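Here is how names work: the chains are called A, B, and so on, in the same order as the sequence lines, proteins then strands, and each is numbered from 1. Computed from a predicted structure; not experimentally measured.
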2 protein chains.
Amino acid sequence: MRKTSIKDVAKKADVSIAAVSQILNNKGQRFSDHTIEKVLQARDDLGYVPNSAARNLKGAHNRLIGIIVPSFRMPFFADIIQSMQDNAPTDVNLVFLGSTDDNLQNAIYSLVERGAQALIFGKPIPNRAEVNEFLKKRHIPYLVLDQNADINAQDMVQTNEFTGGSLVASHLLSLGHRKIALILPNKLTDNMRQRRAGFLDTLSTANLSPTTIITATLSKHGGLATVHQLIQSQSTAAFVLNDEMAIGVLRGLAYQNIKVPDDISIVGYDDTDYAEFMIPTLTTVMQPVLDIGKAALNMILRRLDHPNLPFQTAFFDVKLVVRESTGLVK
Amino acid sequence: MRKTSIKDVAKKADVSIAAVSQILNNKGQRFSDHTIEKVLQARDDLGYVPNSAARNLKGAHNRLIGIIVPSFRMPFFADIIQSMQDNAPTDVNLVFLGSTDDNLQNAIYSLVERGAQALIFGKPIPNRAEVNEFLKKRHIPYLVLDQNADINAQDMVQTNEFTGGSLVASHLLSLGHRKIALILPNKLTDNMRQRRAGFLDTLSTANLSPTTIITATLSKHGGLATVHQLIQSQSTAAFVLNDEMAIGVLRGLAYQNIKVPDDISIVGYDDTDYAEFMIPTLTTVMQPVLDIGKAALNMILRRLDHPNLPFQTAFFDVKLVVRESTGLVK
DNA sequence: TTTAAAAATGGAAGCGCTTTCAGTCAATTT
DNA sequence: AAATTGACTGAAAGCGCTTCCATTTTTAAA
């Protein structure tokens, strides 16, 4: 029940092992059509698939990139993953791992062990220094997505979160809103902090600050749970730090028979697939997710080819997408 | 710039390679505390991580399961993936691959090459016979999720799709609906076919058939695009074959100012996260996705341990979840 | 003290593959 | 007839690791 090896193919085709290897890899010496045919035939008959472990043991690795995300279920990351997969050159292998904070170490270890030559972090790294040291020691370059980090320690892909938050504030202000609530997930990542900062900053230029700041878990249910407090605050608008929660808020408000945007305007962030299908459609901030995924992959690939180039940070602009969920204050 | 290998650790700790291997793997012979300490220290100093390729070359593989899904963006599969990841024993590695029909062969090949010892297909296999032969030849067991297949060729995990469709029909009939539309994705998978069959079957017991059958791409946009036709059909209810499309339908109807469920009842299928957050909340059929993912993983693991057991099919029941989007016919 | 048994460790083979190299043999070319 | 070329083989090294077996060292029993 042993897997068929190159030896079996060689025997069956009645040629040398070297011949099989070179013919199947299409490099090395030249062989006659006849021999090539024999080898190919034998391979197919036996259903031979080279063992990549053995192959990688020798020099010519194919590139393996490990990607660590917080969850496969978050639309943002689902998009990132899909876009990376779609854009990966055929000789590049991608391995995705969902990881919580506690098993981040494990995730990294497992990826490195499997031969990942580079890592992409789609989530905050709690003990950054340690991780950095570990990876540096192994000469494994990595890239962080949408997180603050030492600009000189690794490549980064960032979106202009500060601007994003600011755009939201401007938009609401321009609609005449003065009583604006802020709804946050209870665990903020760096990029969310910037989002918040941009928002608050612009609010303050109008001498305003949020009527209330409500926190809840980052989920649709979390958003829904904030509704009671939101209503009590008598705000005329709310900035919900991400679409996922905003969807919950929308739902909760509908349960209370509060009309959006007539009674209150709602703004989300991310412009996930669902935003334009909500009722009302959701005003939100769009990040070019597909481009981000693609850029991250390209940057890390480039890093692999040129380990000594200075670290880069790619910046992506965000865009306010105005839809039905925001309107003039009454 | 070579990665540090076991040899380096051995040299640094001033012990044999064999000792390092056995100590780090905590098996084989016994070693003195002193030696163990030296080795561990050397490993940490060097940041050594064993190369799993080399390791797998020898007997003791850790188990690698390849999982092929159509897309990472579909909530159904995002859930499946997440649940598998969450339930995987630590010595089992999961590799997910998104794959279209054209590159299914590649996906399979790449997974096998990487040493996958079993495969799970979350999508239809176009050329089943060929794939089956290929995998059988390599003694790689596989499992199909929610697809029809020869019950004696591999393990399967199925949900009671026929019942699911039937439940929907009964529900609508019981609400008094007689003019019911059916909205399908234009590419049906086996399970969707069964879903449809159950639905039609139960309709026919009331001597009914759909007022209209509309097809569109499987997406929210696809669903939205069917609205015009749906309205023309003057149906009082519609069964949309999955939530994704149903969300689009809901949206489209709102644009036309058609009230759900007052003017028309809508039923989806899948009970994705979003169903209960729609406005109105969506009546749909729930599949125990998390259980399904878990079951699939367990079955294939069991198969690995017992290659000769007869093939199994796990059946999961579905449940109609009645929400706001369906109501009595006017 | 001798001796046998137990404990600690090193040596080396081998996993499947790629790659190199010297060399064989036949078919061409000069 | 000799030299050249093309097609190929066989052997061997080496990738990093595990594992079996032999050997050395220590400890305890005789």
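Among the protein residues, B:Ser21 comes within range of the nucleic acid bases, having at least one heavy atom under 4.0 Å from a base atom. Contact annotation for A:Ala19: backbone-only contact, meaning every heavy-atom pair under 4.0 Å involves sugar-phosphate atoms and none involves a base.
At a threshold of 4.0 Å, the pair A:Asp150-A:Arg128 does not count as salt-bridged, since none of the basic side-chain nitrogens sits closer than that to a carboxylate oxygen.
The side chain of B:Ser16 approaches C:dT9 more closely than any other nucleotide in the set C:dA12, D:dT9, C:dT9.
Computed from coordinates, the B:Ile17 CD1 to C:dG11 C1' distance equals 10 Å when rounded to whole Å. Atom NZ in A:Lys7 sits roughly 9 Å away from atom C1' in C:dC15 (whole-Å rounding). In this entry the distance linking CG of A:Asn26 with P of C:dT19 reads 12 Å, nearest Å. Rounded to an integer number of Å, the gap from NZ of B:Lys3 to P of D:dG16 is 11 Å. Atom CD1 of A:Ile23 is separated from atom C1' of D:dC8 by 10 Å (rounded to the nearest Å). Here C:dT20 presents its P atom at 18 Å from CZ of A:Arg30, a figure rounded to the nearest Å. B:Tyr48 places its OH atom 10 Å from the C1' atom of D:dT18, with the value rounded to the nearest Å. Rounded to whole angstrom, the span from the CZ atom of B:Phe31 across to the C1' atom of D:dT23 amounts to 14 Å.
Close to D:dC15, at under 4.0 Å from its OP1 or OP2, lies no side-chain N or O of A:Asn56. Side-chain nitrogen and oxygen atoms of B:Arg55 include none within less than 4.0 Å of the OP1 or OP2 phosphate oxygen of D:dG16. Regarding contacts with the backbone of C:dC15, every side-chain N or O of A:Ser5 stays at 4.0 angstrom or more from both OP1 and OP2. An OP1 or OP2 oxygen of D:dT18 is reached within less than 4.0 angstrom by a side-chain nitrogen or oxygen of B:Asn25.
Taking for each of A:Thr35 and B:Ala54 the nucleotide of DNA chain D with the nearest heavy atom, the 5'-most of the two is the partner of A:Thr35. With the nearest nucleotide of DNA chain C identified for both A:Pro50 and A:Gln29, A:Pro50 has the one nearer the 5' end.
Here CD1 of B:Ile140 is found 9.5 Å from CD1 of B:Ile108. Values are rounded to the nearest 0.5 Å.
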Under 3.5 Å, sequence neighbours excluded: what are the donor-acceptor pairs made by side chains of residues 292-301 of chain B?
{"unit_1": "B:Asn298", "atom_1": "ND2", "unit_2": "B:Lys294", "atom_2": "O", "d": "3.4"}

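Ring planes of A:Phe134 and A:Tyr109: tilted class, angle from 30 to 60°.
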task = Using the ring-ring contact (aromatic ring centres under 6.0 Å, His included) rule, take B:Tyr142 and B:Phe121 through it: C-alpha gap first, then chi angles, then the decisive distance, then the call.
result = CA-CA 7 Å; B:Tyr142 63 100; B:Phe121 289 91; 5.7 Å; yes

